[in-house]
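See below for the structure under consideration.
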Amino acid sequence: MNNQKTVLNVQSEIGKLEAVLLHYPGAEVENMTPKNAQRALYSDILNLSIAQKEYEQLYGVLKKHSQVFEVRNLLTKLLEDTVQKELLLRKICVTENAMRYFDYLMEQSPKELTGVLIEGLPTKVDSLTEFLKDDFYALLPLYNFYFTRDPSVTIGNNLLICNMANKVRVRESIIINAIFSNTKYFDANIIDSGNFVGDGVSEMNIEGGDVLIVNKDVMIIGNGSRTSSQAVDLLIQNLCKNQTGRKHIIVQQLPHSPESFIHLDMVFTLLDTNTAMVYKPLILENTPYKTVHIEIENGKVSKISTATNILAALKKLGIDIKPIICGGNADEWDQEREQWHSGANFLSIAPGKVMSYARNVHTLEELNKNGFEITSAWDVINDKYDVAKAKKCVITIDGSELPRGGGGARCMTMPLRRSDVGS
């Protein structure tokens, strides 16, 4: 790793991806049984070796087109500093009620400790109380960490550390906060949403899958099972204080079930300056779920009103977005099936150049009709397809195992830098 700092800067969903944070799925994914899959927030257990082969395709494409940072490497580097190591361990052990393991963990080498903090720490059974506990782990494995999108979000030069809705994911945010607070490698203004949580306020949750950045003045935020209205209000206060001019936040309410609707990016993602992938039944049809337009002037909320839908709210702001239908236009069953397998979840690596799973064939057909060439990740990796020469393209990765974790290409990537659109 060079000594030059990476300055965080993301002002859109679609600007050319210059730097990204990833976590290669490892042993933590296998440290799970069908019994605890639900607690781990999975719909099923994964076959790790196949999941890794699929992940290699995502990783390989991104490595060709941007600077890739890996959580595991960054964490190991951080733990080489004894002061940082102690601070991080104390925070984790206090949060997870594991102080009895603190001294043991401090003795581990940076590499060993990285493994433990990600893959889990088995309980030491040396008392009746521990023996009678129904938990094998003192520190649970971070089953979901390959979805790096959720514990933090880059908004301009700000890094929002998310307050996760589920206990099993809290350590992810703590680790990300420690990595980026260490100013040796990154330049970012940290906003820690964990600090928003006042006494007795537990609903202050926000996750990265719910935050979409349209441009420096417009954001879309999902409000559902993982992101609360209170957190959106506090984010607005923190992001907009001391800011002049007009800002806009469009909030989309989401159903709390089924689980495939956990984040906004499972039903709506931007593909280009003028197109978005949408799950039609929720985004374009009449539903009880509101779209709310919040207008902010000179740092203060000036108006809150209801909009017909996200696209209508954007149009009012002069941003004309054409919807492309997840699952294709013809069949509601196809729409439902493909949305379940992250068919609306796209990562843009440049305007009109996106990544998704190969399995959602009706969605890909619809994109093809709209001028997107379809190519495979392996063809990009092996230089059989030139992304730079393409006008618009979808790079597909195999997805039989990875989607079981409940997310797609956008969920698995946390952009740190994007170039400005048009530059």
Side-chain angles (χ1 to χ4, degrees), residues 10-17 155-156 209-223 245-254 263-287 289-297 302-330 335 339 343-356 363-374 390-394 409-410 415 418-423:
V10 172
Q11 302 283 12
S12 76
E13 287 292 308
I14 58 166
K16 186 177 182 313
L17 190 61
I155 305 168
D210 277 322
V211 181
L212 275 68
I213 298 158
V214 182
N215 59 39
K216 65 182 174 55
D217 298 323
V218 182
M219 282 166 65
I220 313 169
I221 303 180
N223 164 220
R246 295 173 76 87
K247 308 269 177 206
H248 301 270
I249 309 278
I250 297 159
V251 176
Q252 176 62 52
Q253 286 189 320
L254 301 169
H263 292 131
L264 176 62
D265 66 8
M266 294 297 277
V267 291
F268 183 95
T269 43
L270 291 159
L271 308 173
D272 201 347
T273 50
N274 57 358
T275 49
M277 178 57 62
V278 308
Y279 179 56
K280 187 180 171 189
L282 183 65
I283 300 297
L284 296 179
E285 290 172 4
N286 275 336
T287 73
Y289 303 100
K290 288 189 176 75
T291 307
V292 180
H293 181 181
I294 303 170
E295 297 175 51
I296 299 140
E297 221 157 329
S302 58
K303 188 182 175 189
I304 303 182
S305 55
T306 310
T308 313
N309 55 43
I310 294 172
L311 299 182
L314 289 172
K315 192 163 188 172
K316 218 172 132 185
L317 300 175
I319 302 163
D320 213 344
I321 302 283
K322 177 187 174 184
I324 296 177
I325 308 300
C326 168
N329 234 328
Q335 291 168 9
Q339 187 278 330
N345 189 272
F346 281 77
L347 168 74
S348 171
I349 60 169
K353 295 167 186 186
V354 296
M355 294 187 74
S356 79
T363 303
L364 294 175
E365 261 174 45
E366 197 64 27
L367 281 158
N368 198 225
K369 284 180 201 165
N370 282 274
F372 286 79
E373 293 175 355
I374 314 296
K391 204 170 170 205
K392 293 196 285 188
C393 65
V394 184
R410 187 179 190 272
R418 286 185 181 277
S419 58
D420 292 339
V421 177
S423 68

* With side-chain contact (heavy atoms from CB on, under 4.5 Å) as the test, would you mind laying out the steps for Leu212 and Ile250 before giving the verdict? => CA-CA 10 Å; Leu212 275 68; Ile250 297 159; over 6 Å; no

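Among all heavy-atom pairs drawn from Glu366 and Gly328, the shortest one is OE1-CA, 3.6 Å. Smallest separation of non-hydrogen atoms from Gly371 and Lys392: O-CB, 3.7 Å. Smallest separation of non-hydrogen atoms from Ile283 and Val267: CG1-O, 3.6 Å. The minimum heavy-atom distance linking Ile14 with Arg418 is given by the pair C-NH1, 3.9 Å. Across Met355 and Ile349, no two heavy atoms sit closer than the pair SD-CG2, 4.2 Å. Contact between Ser348 and Val354 at its shortest, heavy atoms only, is CA-CG1, 3.9 Å.
Using a distance-only test at 3.5 Å, with no hydrogens or angles considered, a donor-acceptor pair links the side chain of Thr363 to the main chain of Gly327. Looking at Gln253, its side chain never comes within 3.5 Å of a backbone N or O of Gly222 through a donor-acceptor pair. Between the side chain of Asp272 and the backbone N or O of Asn274 there is no donor-acceptor pair closer than 3.5 Å. Side-chain atoms of Asp210 come within 3.5 Å of backbone atoms of Leu264 as a donor-acceptor pair (strictly under, hydrogens ignored). Checked by atom type and distance alone, the side chain of Lys290 never pairs as donor or acceptor with a backbone atom of Thr306 at under 3.5 Å. Between the side chain of Asn345 and the backbone N or O of Asp265 there is at least one donor-acceptor pair closer than 3.5 Å. At distances below 3.5 Å, at least one donor-acceptor pair connects side-chain atoms of Ser302 with backbone N or O atoms of Glu295.
Of the options Lys303, Arg246, Lys247, a side chain to side chain contact (heavy atoms under 4.5 Å, CB included) to Glu297 is made by Arg246 and by none of the others.
Note that CG of Asn329 is 12.0 Å distant from CD of Glu365, once rounded to the nearest 0.5 Å. Separating the CE atom in Met277 from the CZ atom in Phe268 is a distance of 11.0 Å, to the nearest 0.5 Å.
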For residues 310-326, which side-chain donor-acceptor pairs fall under 3.5 Å, sequence neighbours excluded?
{"from": "Lys322", "atom 1": "NZ", "to": "Asn370", "atom 2": "OD1", "distance (Å)": "2.6"}

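A heavy-atom distance below 4.5 Å is found between the side chains of Leu271 and Leu367.
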